[in-house]
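Any value given below was found using the heavy atoms of this structure, including those in side chains, with hydrogens, waters and symmetry copies removed.
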Amino acid sequence: MMKPKALFTASSLVEDRGGNFAIAAALTIPLLFMAGSLAVDTTNAISMKTQMQNAVDSAALATSTRLANDKGLSLLDAKSFAEKFLNGQLQEAMNSYQAMAVKPTVSIIPTINGSSTAWKVSIVLEGSQAATPMARFLGHEKTTVKVAGTSESASGTTKGSVSLMLVLDKSGSMGWDLGGQVKMNVLKTAVIGLLTELKLADPEEKYVRIGGVSYDTKIDKKQGLKWGTDYAGKFVGKLEAKGGTDSTDAFKWAHEKVTYDKEDKEHLKETGQTPTKYIVLMTDGDNNYVSADTSTKILCDKAKKDGVKVYSVAFAAPDRGKQLLSYCASSGAHFFDAKDSAELIAAFKNIGQQASKVVSRLTQ
């Protein structure tokens with residue numbers, strides 16, 4: 001008995017595996033392209049939002065700090081300063097994203113309390129960039145992101161005091177090339193970024209004291225805590241990459257200096273405050289001996305118990321080095337795993353911004 005023609009055609013189609021694959025591919029490939037395009041747009045939006053938020057926070061902090069320290073600064077000039085500072089921070093992002101456009105709104109509100117004036121600087125920033133070609137084909141012309149940041153700063157003794165020690169790895173591997181740049185040069189740039197944030201928060205050098213120590217298999221160079229950022233900048237500028245790696249003695253020295261009674265007395269004499277204390281521990285490798293990891297961990301535990309906030313930065317470091325730094329950090333938010341030069345610079349800038357919040361309070 002012969003099959004009806006329609007049944008024959010249907011059964012032939014089912015049995016023809018090659019034809020089924022071609023049909024499935026024709027239906028699936030466009031969907032994969034659309035999904036990939038949407039994933040790119042989503043990734044770009046997240047990256048753009050992060051850069052915009054960092055820029056807004058930095059501009060708000062810088063503006064409120066300048067208002068608190070420059071009594072002759074008008075509100076109009078302060079808004080102009082905020083916009084220029086923001087544009088400077090966003091320049092890299094503007095170059096990274098095709099057709100990116102930003103629209104900031106700056107609001108400044110003074111509150112007078114006797115002879116003291118508090119400043120609240122709020123910045124709202126909306127940014128957009130052209131969507132990928134596939135997204136535009138589907139009717140989605142652009143991706144828009146909106147962020148906001150608010151900084152509150154006051155004149156007088158309402159500001160906070162900070163003591164910060166840098167503990168920096170200058171072992172031989174810091175002389176290696178990473179992505180076309182010598183790692184030691186990148187570290188110097190990154191530290192200057194941190195110092196810049198603190199200098200903006202304390203332009204008169206009354207609230208921030210910074211020092212540093214570098215290490216290879218032993219302590220190399222030392223810079224005691226000093227007012228302002230200049231001494232620390234010169235200290236970092238002289239570092240040269242050589243030697244092995246042992247973080248123990250350098251961290252111990254930094255802990256002793258930042259918790260020394262004399263350090264509290266320096267701040268009490270100047271501001272009447274006990275400072276918030278920080279140690280920033282950085283490495284790009286493993287300690288030469290596991291025993292040095294153990295001894296450093298013990299010192300990190302003691303520092304945290306003494307109320308020191310420990311930030312740690314791994315710079316393209318292997319797993320054991322990252323594990324040590326992750327352990328030493330005061331929390332997950334205090335540990336940075338910088339895989340390349342850009343991430344190292346961003347990490348140190350972020351630490352500088354966090355420490356600056358003590359001097360000029362940042363709210364969201």
>> Under the disulfide (SG to SG under 2.5 Å) definition, can you give me all pairs with a residue in residues 238-344, not counting sequence neighbours?
In response: Cys300-Cys328

>> Give me each pair satisfying disulfide (SG to SG under 2.5 Å) with a member in residues 236-290, each pair once, sequence neighbours excluded.
In response: none

side-chain contact (heavy atoms from CB on, under 4.5 Å) against [X], all qualifying residues, sequence neighbours excluded:
{"X": "Ala346", "value": "none"}
{"X": "Leu299", "value": "Thr248, Phe251, Lys252"}
{"X": "Ala355", "value": "Leu164, Leu198, Tyr278"}
{"X": "Glu343", "value": "Ala338, Lys339, Asp340"}

> If you count the non-hydrogen atoms of other residues, nucleotides and ligands that lie under 6.0 Å from NZ in Lys257, is the total more than 12?
Replying inline: no

> Which ILVMFWY residues are connected to Leu76, directly or by a chain of links, through side-chain heavy atoms under 4.5 Å apart?
Replying inline: none

> What distance separates Asp202 CG from Ser356 OG, expressed to the nearest 0.5 Å?
Replying inline: 9.0 Å

> How many angstroms lie between atom CG of Asp286 and atom OG of Ser247, to the nearest 0.5 angstrom?
Replying inline: 10.5 Å

>> Taking side-chain hydrogen bond (donor to acceptor under 3.5 Å, both in side chains) as the cut-off, I'd like each qualifying pair that reaches into residues 74-83, sequence neighbours left out, listed once.
In response: Ser74-Asp77

>> According to salt bridge (charged side-chain N to carboxylate O under 4.0 Å, His left out), who are the partners of Lys206, at least two apart in sequence or on a separate chain?
In response: Glu204

>> List the residues meeting ring pair (Phe, Tyr, Trp, His ring centres under 6.0 Å) with Trp227, not counting sequence neighbours, and say none if there are none.
In response: His267

>> So, using ring pair (Phe, Tyr, Trp, His ring centres under 6.0 Å) as the criterion, who are the partners of Tyr311 when residues are at least two apart?
In response: His334

Considering only distance and modelled atom types, tabulate donor-acceptor pairs under 3.5 Å from the side chains of residues 212-224, sequence neighbours left out.
from	atom 1	to	atom 2	distance (Å)
Ser214	OG	Asp220	OD2	3.4
Ser214	OG	Lys221	N	3.0
Tyr215	OH	Met282	O	3.0
Asp216	OD1	Lys218	N	3.2
Asp216	OD2	Lys170	NZ	2.9

